[in-house]
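Report on one structure; see the data block that follows.
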Amino acid sequence: MNSVTVSALTQYVDQEVELKGWLYNRRGSGKLLFLQFRDGTGVVQVVVSKKDVPEEVFETAKRIGYESSIIVRGKVTKDDRSALGVEVQGSAVEVIQEVHDYPIQITEDVPNIDKLLDLRHLWVRSKRPHAILKVRSEVVQAIRDFYYQRDFVLYDAPIFTPASCEGVSTLFEVPYFDETGYLTQSGQLYGETGAMAFGKVVVFGPTFRAEKSKTRRHLTEFWMVEPEVAFLELDGIMDLAEQQIQYVVGRALDKCKAELKELERDTSILEQVVKPFPRIHYEEAQKVLQQLKVDFAKSDDPELVKLSGDILKQGLGADLGAADETALGMHYKQCICIHHYPREVKAFYMKADETGKYAMGVDVIAPEGVGEIVGGGQREDSLEVLEAQIKKHNVPPESVSWYVDLRKYGSVPHGGFGMGVERCVQWITGCQHVREAIPFPRTIYRLTP
RNA sequence: UCCUCGGUAGCUCAAUGGUAGAGCAUUCGACUGUUAAUCGACAGGUUGCUGGUUCGAGUCCAGCCCGAGGAGCCA
């Protein structure tokens, strides 16, 4: 007998098969049972009819609780009433482990996410997390393929680092023998060493931020992909970010149709991602925001009126806030690149433009309220300017001396960006919390399971 | 760190200061085509914790604990 997966079942119509997996749900009557059987690749309905099977098989199928591990045998039949197109006429149910107290129920009342995250080790079996995490898997593979196809060298940055890469954010401190180490908050500075060695590299790994952020966009541990390219300037960096996002979203739309349908994701905005992303200078963004502030204030929608009040709250010439990003996303209804932020609000390694007022950095803002998914730009390549910036930002010079060496030995214009994998997945799947976009989210108040 | 909101049955939520309730899930029973099945029954409680006001507190007050959303910071 063929041992097969649910995903391949349509190829076995009218054949006897064996399925190994778990009981997902059950409906039925006194003489006819409908087992919803899952094996990780999909869910299929197994029909067990009292008149067609031995008494003990029917009794077993009726008795076992949800998530009991079972082996089911039966004949695959076509059935138009099934979403899958086929179902299995069960003839035997072998129990591996019988379960009667599975703690997650299938219900229309959605428990709050915190309770489900306490059960994350089991919740991942349910349809929604299953779909989101499959999209994540596809997104990660698409990222790897994108850079591999373009001859980037995978260049892993260390996770233990001696000090802050940016000299600002809160880092996780870890004892490291006789000294103090920190968990990396970005592989970028290491990526720059790779760009000078290989031309085009990509750093891809976990990143840690000890910021006490409590929003649906923040994790303390998240995955970031960070390409870094020698001789690439701001326009080229924007081209790369745009192409990468278009490729990744395209792959998800192509390969994850079933998952996006399960999530009831309206993909119309995602389909717009093939168009060029508007590229907006910071000064222009401020003008657009001033206009949006006025327009939204007149709206009938109280949400928009509230948003209007938060637009440009930090003042002209300051960094953009979350409300500003949301408003711009709503206005353009697709990904936008905002470049040339004020130099003061950006990190020490950012290259200044010819005016000296702006940094040649770029953020990509995703629509639909997800906000920033990419941050990057051109790096300062002048030794003198970089040293001045290090002094100005109070970065301990000894901690970045190796980095400064890159400007002493064959410095060239270069740059790159970082994209947060979870935020990208959050946007593509349309999920409310970035916490759902990673198997085991780590936030300020969650270290388990 | 700050602002706002919340914590009652396994889950989602009710309950003018006056007997602690419902739906769903579990358990038991009925039903041969169910798609979040349906119908009937049983069971299920230290109302986050501590103290206070009151004849009487889930409800009012104070403190604390836990969580959520947002700000800031960021991807």
Side-chain angles (χ1 to χ4, degrees), chain A residues 24-36 43-52 58 62-63 65-66 77 79-84 87 89 99-119 126-127 166 168-170 185-188 206-226 241 306-307 310 313-314 318-326 345-347 363-366 369-376 417-427 432-435 437-438 443-446:
Chain A
Y24 188 68
N25 198 357
R26 173 179 45 216
R27 288 180 286 271
S29 67
K31 289 171 185 153
L32 188 62
L33 296 172
F34 303 101
L35 306 182
Q36 307 301 313
V43 176
V44 69
Q45 174 158 284
V46 177
V47 184
V48 181
S49 172
K50 193 166 186 170
K51 72 172 166 43
D52 296 336
F58 189 82
K62 192 177 177 181
R63 184 188 71 237
Y66 300 149
T77 55
D79 197 306
D80 295 337
R81 288 166 293 196
S82 153
L84 199 64
E87 58 183 28
Q89 305 302 318
V99 173
H100 283 287
D101 53 356
Y102 188 65
I104 297 176
Q105 55 188 279
I106 299 156
T107 167
E108 61 185 299
D109 296 326
V110 180
N112 74 54
I113 190 161
D114 195 53
K115 284 185 173 140
L116 287 171
L117 284 174
D118 284 341
L119 296 168
S126 300
K127 284 182 178 177
E166 304 197 10
V168 276
S169 297
T170 342
Q185 63 161 349
S186 166
Q188 180 209 313
T207 301
F208 307 88
R209 304 269 167 97
E211 295 151 0
K212 295 189 172 180
S213 298
K214 273 181 64 171
T215 81
R216 58 179 190 198
R217 299 189 306 279
H218 286 87
L219 295 168
T220 55
E221 175 182 330
F222 63 97
W223 284 66
M224 190 152 66
V225 56
E226 297 175 283
K306 185 175 176 293
L307 187 62
D310 290 334
K313 208 165 67 178
Q314 308 191 61
D319 202 1
L320 298 180
D324 302 324
E325 292 182 355
T326 303
V345 306
K346 291 293 179 186
D363 285 356
V364 179
I365 313 292
V370 173
E372 185 181 346
I373 59 170
V374 161
F417 61 85
M419 183 183 79
V421 169
E422 290 75 14
R423 283 197 187 166
C424 183
V425 172
Q426 178 188 11
W427 174 46
Q432 201 62 22
H433 305 256
V434 73
R435 296 173 176 90
I438 187 168
T443 60
I444 175 168
Y445 295 128
R446 179 172 294 283

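Below, chain A is the first sequence line, B the second, and so on; all start at residue 1. All of these numbers come straight from a predicted model, not from anything done at the bench.
Among the atoms of the strands shown, base atoms are found under 4.0 Å from some heavy atom of A/Glu87. Within the nucleic acid shown, A/Val421 has no heavy atom closer than 4.0 Å to any nucleic acid atom. Heavy atoms of A/Gly418 sit under 4.0 angstrom from primed sugar atoms or phosphate atoms, though from no base atom. Contact annotation for A/Gly30: base contact, defined as any heavy-atom pair under 4.0 Å involving a base atom. Base engagement by A/Leu219 is indicated by at least one non-hydrogen atom pair under 4.0 Å involving a base atom.
Side-chain proximity of A/Leu32 to B/U12, B/A37, B/G33: nearest is B/G33. With distances taken from any side-chain atom of A/Ser29 to the nucleotides B/A75, B/C31, B/U34, the minimum falls on B/C31.
Taking 4.0 Å as the cut-off between side-chain N and carboxylate O, A/Asp363 and A/Lys346 count as a salt-bridged pair.
Residue ring and nucleobase are not stacked for A/Phe34 and B/G33 under a centre distance beneath 5.5 angstrom and an angle between planes beneath 30°.
Going from the P atom of B/G51 to that of B/A57 covers 14 Å, rounded to whole Å. On the P atoms, B/A43 is 48 Å away from B/U1, given to the nearest whole Å. Distance check on atom P: B/C64 versus B/A22 gives 37 Å, rounded to whole Å. Here the separation of B/A41 from B/A25, taken at their P atoms, is 15 Å to the nearest Å. Here the separation of B/U59 from B/A9, taken at their P atoms, is 15 Å to the nearest Å. The separation of B/C74 from B/A68, taken at their P atoms, amounts to 23 Å, rounded to a whole angstrom. Comparing the same atom, C1', in B/C42 and in B/A30 gives a spacing of 15 Å after rounding to whole Å. Nucleotides B/G21 and B/G44 are separated by 13 Å at their C1' atoms, to the nearest Å.
If you check B/U4 for Watson-Crick or wobble pairing at under 3.5 angstrom, you find it paired to B/A68. Using N1 to N3 plus N6-O4 or O6-N4 for Watson-Crick, or N1-O2 and O6-N3 for G-U wobble, each under 3.5 Å, B/G23 pairs with B/C11. Remark: B/U46 base-pairs with no nucleotide; criterion is Watson-Crick or G-U wobble with both hydrogen-bond distances under 3.5 Å. Judged by Watson-Crick or G-U wobble contacts below 3.5 Å, the nucleotide B/A37 has no partner.
Note that OG of A/Ser82 is 12.0 Å distant from CZ of A/Phe34, once rounded to the nearest 0.5 Å.
Spacing between atom CZ of A/Phe58 and atom P of B/C31 amounts to 10 Å, rounded to whole angstrom units. Rounding to whole angstrom units, CG of residue A/Leu84 and P of B/U35 are separated by 18 Å. Here B/U35 presents its C1' atom at 9 Å from CG of A/Asn25, a figure rounded to the nearest Å. Computed from coordinates, the A/Gln89 CD to B/U34 C1' distance equals 13 Å when rounded to whole Å.
Side-chain contact between A/His218 and A/Val434 is absent, with no heavy atoms from C-beta onward closer than 4.5 Å. Residues A/Phe222 and A/Arg423 fail the side-chain proximity criterion, which asks for heavy atoms closer than 4.5 Å. Taking the side chain as every heavy atom from C-beta outward, A/Leu32 and A/Val47 approach each other to under 4.5 Å. When side chains are defined from C-beta on, A/Gln45 does not count as touching A/Leu35, because their heavy atoms never get closer than 4.5 Å.
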Intermediate values then yes/no, side-chain contact (heavy atoms from CB on, under 4.5 Å), A/Glu372 and A/Glu325: CA-CA 7 Å; A/Glu372 185 181 346; A/Glu325 292 182 355; 3.9 Å; yes
Full working for side-chain contact (heavy atoms from CB on, under 4.5 Å) between A/Phe417 and A/Gln188: CA-CA 8 Å; A/Phe417 61 85; A/Gln188 180 209 313; over 6 Å; no
Heavy-atom protein contacts under 4.0 Å, nucleotides 65-72 of chain B, coded B base, S sugar-phosphate only, - none: --SBSBBB
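The residue among A/Pro103 and A/Lys31 whose nearest nucleotide of RNA chain B is located toward the 5' end is A/Pro103. Comparing A/Lys50 and A/Tyr66 along RNA chain B, the residue whose closest nucleotide (by nearest heavy atom) sits nearer the 5' end is A/Tyr66.
The minimum heavy-atom distance between A/Trp223 and A/Ile438, with the atom names listed, is CD1-CD1, 4.2 Å.
A/Gln45 contributes a side-chain N or O that forms a donor-acceptor pair with the base of B/U34 under 3.5 Å. With hydrogens and angles left out, the side chain of A/Arg423 and the base of B/C74 share a donor-acceptor pair within 3.5 Å.
A sub-4.0 Å separation between OP1 or OP2 of B/U34 and a side-chain N or O of A/Arg27 is absent. When the side-chain nitrogen and oxygen atoms of A/Lys51 are compared with OP1 and OP2 of B/U32, none of them lie within a distance under 4.0 Å.
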